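Worksheet: the structure to be examined is printed underneath.
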Amino acid sequence: MAEQGIGEVRELLADLVRIPSVNPRDGEGPAEGAVGEFVAGWLREAGLDVSMQQALPGRYNIIARLPGRDRKRALLLESHLDTVEVGGMTSPPFDAMVRGGRLYGRGSCDGKGSLAAFMLALRDLARNADEPPLEVILAAVIDEEYLGRGIVHFLEHWDSEQTIAGAVVSAPTQLRIVLGNKGLLRFRVRASGRSAHSAQPWEGDNAIDRMADVLEYVKNNLAQELTRVNDKLVGQPTLVPTLIEGGTGANMIPHECFITLDRRTIPGEDAMHIWRRYKVALEAIAPGKVEVQAPITVSEAVATPRGAGIVAALTRTLAENDLETRVTGVNFGSDAGRLGRANIPCVLWGPGSNSESHQPSESVELTEVGTAADLVRTLAARFSL
């Protein structure tokens with residue numbers, strides 16, 4: 001991309017990063033509102049048909065459409081508006097500082113770099129007198145970093161008369177094609193007991209002790225059995241506790257204790273079947289005293305066939321630009337799992353490295369964002385499978 005183009009990349013990405021859009025995880029906060037309004041306004045000025053789709057109260061997906069010669073089929077470019085929290089960052093989260101050709105700030109890599117590339121590509125396509133083969137749709141959705149309710153709402157309200165022939169889901173993959181990612185099953189477990197004075201523990205029933213039995217079983221049985229399973233694309237499934245809560249005072253026997261379990265699934269696994277099996281196994285540790293609660297979130301693993309049209313088209317585009325075409329998988333989750341479950345062929349792809357995502361000094365290389373914009377424009381201009 002020319003130097004002038006890199007200037008456009010820097011300006012747009014800086015504007016996106018400077019607008020905080022931290023996911024409130026159901027708490028108070030501005031969420032994606034301001035950045036969504038900016039994206040919608042920018043795309044309208046670029047000549048796109050833009051709608052704001054309320055997915056949660058006060059939280060909107062931004063949907064932009066560019067007509068194609070075939071109105072019945074579409075290429076979907078999907079990214080997200082929200083970011084993770086900023087606590088512990090070592091670079092200013094919203095200053096959009098540029099140093100050494102990299103732009104720093106929360107969301108610069110995940111996923112505002114990809115969003116900027118998609119926006120620039122769509123603007124350039126709109127300026128072209130020739131319509132692309134298929135309608136091109138950019139969906140900038142909410143809540144990807146928590147429960148994925150933005151993409152769920154998008155799919156629930158999709159026009160059944162139009163087929164999504166392929167999707168590019170934003171992810172920091174260093175412009176490499178990712179065909180598979182792990183899914184996610186997350187749920188809480190409650191251990192109950194009876195409160196008492198800590199000086200007389202025999203009068204109570206310590207819920208933390210009971211949860212310790214649960215954790216030991218998770219580590220030595222449920223997690224251990226996963227070491228014997230492996231997927232050649234995304235690796236092994238995992239099961240880990242990520243949160244623990246319990247007790248009401250330092251001098252009281254706790255009457256209840258909670259843990260959150262995070263289970264990463266691989267293609268071919270059924271998350272709800274796994275949850276039901278875990279529920280039986282864990283509640284049997286102490287019947288009536290251990291409760292496995294309903295899943296907090298479920299996102300299926302995805303593995304797109306190598307022969308899918310979107311894979312072939314993106315592979316050809318990368319090859320023509322002397323870029324890596326070897327396909328791979330990743331161990332994190334994404335909105336691609338929900339698209340795959342809806343039978344939409346999709347690839348995870350975008351500028352930046354996942355090693356930069358959610359990091360204290362998150363950043364992305366500006367030239368890579370510019371290259372991504374060029375590649376998406378080329379892909380959309382000829383994708384017709």
Side-chain angles (χ1 to χ4, degrees), residues 22-29 31 56-57 82-89 143-149 182-227 229 236-265 269-299 331-333 358-360:
V22 175
N23 192 309
R25 302 185 189 271
D26 286 336
E28 296 293 329
L56 291 170
D82 59 321
T83 72
V84 295
E85 296 80 358
V86 300
M89 290 197 70
D143 198 44
E144 191 268 354
E145 296 288 3
Y146 185 34
L147 297 180
R149 291 168 290 186
K182 290 183 179 179
L184 170 62
L185 166 66
R186 187 173 291 143
F187 60 95
R188 299 217 307 168
V189 181
R190 176 180 181 267
S192 60
R194 185 175 63 258
S195 184
H197 197 295
S198 61
Q200 297 151 196
W202 56 85
E203 292 185 355
D205 181 8
N206 196 316
I208 290 178
D209 285 344
R210 181 161 291 117
M211 189 61 80
D213 295 336
V214 172
L215 287 167
E216 182 178 11
Y217 186 85
V218 167
K219 180 179 180 179
N220 295 332
N221 295 82
L222 299 181
Q224 191 63 30
E225 69 185 22
L226 301 181
T227 62
V229 182
Q236 292 182 332
T238 56
L239 174 65
V240 292
T242 54
L243 289 171
I244 186 165
E245 311 157 62
T248 55
N251 59 350
M252 297 178 65
I253 299 298
H255 72 284
E256 63 180 0
C257 181
F258 295 87
I259 60 169
T260 299
L261 292 176
D262 181 296
R263 172 65 153 85
R264 300 293 165 142
T265 62
E269 289 190 307
D270 184 316
M272 291 307 297
H273 173 76
I274 293 168
W275 175 80
R276 288 189 289 268
R277 188 167 68 84
Y278 285 0
K279 179 175 175 66
V280 171
L282 295 178
E283 290 183 348
I285 293 172
K289 297 291 186 177
V290 173
E291 175 197 5
V292 174
Q293 299 181 343
I296 299 168
T297 186
V298 175
S299 177
N331 57 17
F332 55 83
H358 305 184
Q359 295 303 307

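Worth knowing before you read on, the calculation uses all heavy atoms, side chains too, and leaves out hydrogens, waters and symmetry mates. Here the structure is a predicted model, which means the values were calculated and not measured.
A search for salt bridge (Lys or Arg N to Asp or Glu O under 4.0 Å) contacts involving Asp270 returns nothing, not counting sequence neighbours. Residues that satisfy the salt bridge (Lys or Arg N to Asp or Glu O under 4.0 Å) test with Arg25, not counting sequence neighbours, are Glu85. Partners of Arg276 under the salt bridge (Lys or Arg N to Asp or Glu O under 4.0 Å) rule, at least two apart in sequence or in another chain, do not exist in this structure.
Nearest heavy-atom pair, Val189 versus Met211, reported as atom, atom and distance to 0.1 Å: O-CE, 3.3 Å. Nearest heavy atoms, Gly333 versus Glu144: O-OE2, 4.5 Å. Taking every heavy atom of both residues into account, Ala207 and Ser192 meet most closely at CB-C, 4.0 Å. In plain terms, the two heavy atoms of Pro287 and Ala284 that are nearest each other are CD-O, 3.6 Å. Considering all non-hydrogen atoms of both residues, Pro360 and Gly88 come closest at CB-O, 3.6 Å.
Counting only heavy atoms from C-beta outward, the side chains of Tyr278 and Leu239 approach each other to under 4.5 Å. Proximity of Asn23 to Val84: side-chain heavy atoms (C-beta onward) are nowhere separated by under 4.5 Å.
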Donor-acceptor contacts under 3.5 Å from residues 251-260 side chains, at least two apart:
| unit_1 | atom_1 | unit_2 | atom_2 | d |
| --- | --- | --- | --- | --- |
| Glu256 | OE1 | Arg190 | NE | 2.9 |
| Glu256 | OE1 | Arg190 | NH2 | 3.2 |

Contacts under 3.5 angstrom, residues 212-225 side chains, donor-acceptor by atom type, not counting sequence neighbours:
| unit_1 | atom_1 | unit_2 | atom_2 | d |
| --- | --- | --- | --- | --- |
| Asn220 | ND2 | Glu216 | O | 3.4 |
| Glu225 | OE2 | Arg277 | NH1 | 3.4 |
| Glu225 | OE2 | Arg277 | NH2 | 2.7 |

Table please: side-chain donor-acceptor pairs of residues 289-299 below 3.5 Å, with sequence neighbours left out.
none

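For the atom pair CZ of Arg186 and CG of Leu147, the computed distance is 8.0 Å after rounding to the nearest 0.5 Å. Taken from CG in Leu185 to CE in Met272, the straight-line distance is 7.5 Å, to the nearest 0.5 Å.
Using modelled atom types, no side-chain atom of Lys182 and backbone atom of Arg263 make a donor-acceptor pair closer than 3.5 Å.
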